Undergrad: 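There's a structure below that I have some questions on.
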Amino acid sequence: MVLKLNKVQTIILILLILTSAVSWFLLSRQSDADNNNVMMRAMMLYDPISISLFTATWTVGMAAMMFPAIIPMALLFDRLISGGNNTTKSEKQTDENLMLEEKPKYDNKKSVSLKLSLFVTCYLVVWALTGVALLLGWSIPMNSLLVGNGKQQQLFDTIFGVVLILSGLYQFSPLKTKCLGYCESPMSFFMRRWRNGIWGAVRMGAYHGLYCLGCCWPYFLLMIALGWMNLLWMGLFAAIIFGEKIWSRYGIWIARITGAGFVIIGLFTMVGIISLQNNVIGNNMQGSSSGSGNSISSENIKESKSNDNKMSNMKGMS
């Protein structure tokens, strides 16, 4: 379905693109060294400040990466909740016919703006919480195991290889296809999940975030698990996600080609052709050490602990 944009929808389109552009600009203002320094501190320690900084950076990154892909969903949502003012009679009748069980109740401009804002905000909140969950549930526990276990490189290469292979295989799964179908077809999503009112906008925004999570979680798991949180990888994944969601006819093939690539890299990692452990830790260390004197690494932590022990022993002798 091709949407004819009115003035309000044109403004929505511009705002989403502008928000994404500003987010990319804010991310680019921070060097990879600074980003890696923040990420490394958050990945190594249960430090509330570092975790908060990571969450803020992650949320800005989600706005940069995901807002272009949700433009069709946001525009159709605006049309459905403001159709009395912003659509032609034929379009309004079509929308009502498609919503046989729960017809949208058209609202005034303030209500439309509030609902649309809540819809987009709840969508973004789902992704912000996902980043925190991945950090606390994966990165910190895994990096605590990495500290002092450099001899077990094969074990960790195997773990990272399995993560890549599972992420790749998921791209071929029925759940991926189902979630991508709802993301590709906004009307199908609203026909299934339509709810009226303010809380309806909140619920639909959260549902859309969950469907989008079901569609795209492998990319963001890899960004955190493998330390691929730099502008190059973020831009690549953003382009893949945009292609999947916008190119409805071939989006699933983009996902499957990407999945095949993940599987191949994972197999190469497991057999030792590629070593991701050194890349994950080494890249973050290099970025941190080149960025500022506040860098943190597993070696820094061990050295700091050793120095503390030496100082305490000297005090005891004195």
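The model shown is predicted, which means the values in this text are computed figures rather than measured ones.
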Undergrad: To the nearest 0.5 Å, what is the distance between OG on S113 and CG on L118?
TA: 11.0 Å

Undergrad: Find out whether F262 and L222 are in side-chain contact, i.e. whether some heavy atom of one side chain is under 4.5 Å from a heavy atom of the other.
TA: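 F262 vs L222: side chains touch.
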
Undergrad: Between T269 and I165, is any pair of side-chain heavy atoms under 4.5 Å apart?
TA: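 Answer no - side chains too far apart.
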
Undergrad: Provide the closest heavy-atom pair for C212 versus K245 in the form atom of the first, atom of the second, distance.
TA: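 Nearest pair, atom of C212 first, then K245: SG-NZ, 3.2 Å.
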
Undergrad: Please work out which of the three classes, parallel, tilted or perpendicular, describes the rings of Y123 and W127, given edges at 30° and 60°.
TA: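 Geometry flag for Y123 against W127: perpendicular rings.
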
Undergrad: Are the side chain of T258 and the backbone of I254 linked by a donor-acceptor contact shorter than 3.5 Å?
TA: yes

Undergrad: Could you measure the distance from the CD1 atom of I14 to the OG1 atom of T19? Nearest 0.5 Å is fine.
TA: 11.5 Å

Undergrad: Starting at CE of M270, measure out to CD1 of I159 and round the result to the nearest 0.5 Å.
TA: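 These two atoms lie 10.5 Å from each other.
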
Undergrad: Do you know the tightest heavy-atom contact between P72 and I246?
TA: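 Heavy atoms of P72 and I246 come nearest at CG-CD1, 3.6 Å.
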
Undergrad: Hey, any chance I11 and L76 share a hydrophobic cluster, counting ILVMFWY side chains that come within less than 4.5 Å of each other, even indirectly?
TA: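 In one cluster: no.
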
Undergrad: Under 4.5 Å between side-chain heavy atoms, hopping through other hydrophobics if needed: is there a path connecting V202 to V125?
TA: no

Undergrad: Distance check, rounded to the nearest 0.5 Å: Y219 atom OH versus M223 atom CE?
TA: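 So the gap between those two atoms works out to 12.5 Å.
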
Undergrad: Is there a path of hydrophobic side-chain contacts, each under 4.5 Å between heavy atoms, that joins F190 and W199?
TA: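 F190 does not cluster with W199.
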
Undergrad: So, do R193 and Y182 sit near enough that their side-chain heavy atoms are less than 4.5 Å apart?
TA: no

Undergrad: Check the surroundings of atom CG in L114: do more than 12 heavy atoms from other residues, nucleotides or ligands lie under 6.0 Å from it?
TA: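 Result for CG/L114: enclosed.
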
Undergrad: So do the side chains of K176 and L169 get within less than 4.5 Å of each other, counting heavy atoms only?
TA: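 K176 does not reach L169 side chain to side chain.
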
Undergrad: Do other residues, nucleotides or ligands put more than 12 heavy atoms under 6.0 Å from the OH atom of Y250?
TA: no

Undergrad: May I ask whether L166 and Y170 are part of the same hydrophobic cluster, defined by side-chain heavy atoms of I, L, V, M, F, W, Y residues being less than 4.5 angstrom apart, directly or through others?
TA: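 No, it is not one cluster - the side chains of L166 and Y170 are not joined through contacts under 4.5 Å.
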
Undergrad: Does the side chain of R192 pick up a donor-acceptor pair with the side chain of Y207 at under 3.5 Å?
TA: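 On atom types as modelled, these side chains do not qualify, holding no pair under 3.5 Å.
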
Undergrad: What are the two closest non-hydrogen atoms of A238 and M65, and how far apart are they?
TA: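 Scanning both residues, the minimum pair turns out to be N-CE, 3.8 Å.
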
Undergrad: Evaluate side-chain contact (heavy atoms from CB on, under 4.5 Å) for F220 paired with I241, printing each intermediate quantity in order.
TA: CA-CA 11 Å; F220 301 103; I241 292 169; 3.6 Å; yes

Undergrad: Could you tell me which non-hydrogen atom of A63 sits nearest to which non-hydrogen atom of S23, and how far apart they are?
TA: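 Looking at all heavy atoms of both residues, the shortest contact is CB-OG, 3.6 Å.
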
Undergrad: Using 0.5 Å steps for rounding, measure from the CG atom of L80 to the CE atom of M204.
TA: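 Separation between the atoms: 8.5 Å.
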
Undergrad: With under 30° as parallel and over 60° as perpendicular, where do the rings of F189 and F119 fit, or are they tilted in between?
TA: perpendicular

Undergrad: What closest approach, in Å, do G251 and E184 show between heavy atoms, and which atom pair accounts for it?
TA: CA-OE2, 3.7 Å

Undergrad: Rounded to the nearest 0.5 Å, what's the gap from CG on L231 to CH2 on W24? Could you check?
TA: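 Taking CG in L231 and CH2 in W24, the distance rounds to 6.5 Å.
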
Undergrad: Within a strict 4.5 Å, meaning less than it, do heavy atoms of the I252 and E244 side chains meet?
TA: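 The answer is no; the side chains never approach within 4.5 Å.
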
Undergrad: Side chains of W217 and L134: closer than 4.5 Å at any heavy-atom pair?
TA: no

Undergrad: Do L135 and L129 share a hydrophobic cluster (ILVMFWY, side-chain heavy atoms under 4.5 Å, transitive)?
TA: no

Undergrad: Search all heavy atoms of H208 against all heavy atoms of I70 and return the closest pair with its distance.
TA: NE2-CG2, 3.8 Å

Undergrad: Using a cut-off of 6.0 Å, state whether more than 12 heavy atoms not belonging to F268 lie near its atom CZ.
TA: no

Undergrad: Is the backbone of D78 close enough, under 3.5 Å, to the side chain of S82 for a donor and an acceptor to pair up by distance?
TA: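 Yes, the answer is positive, given that a donor and an acceptor are paired below the 3.5 Å cut-off.
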
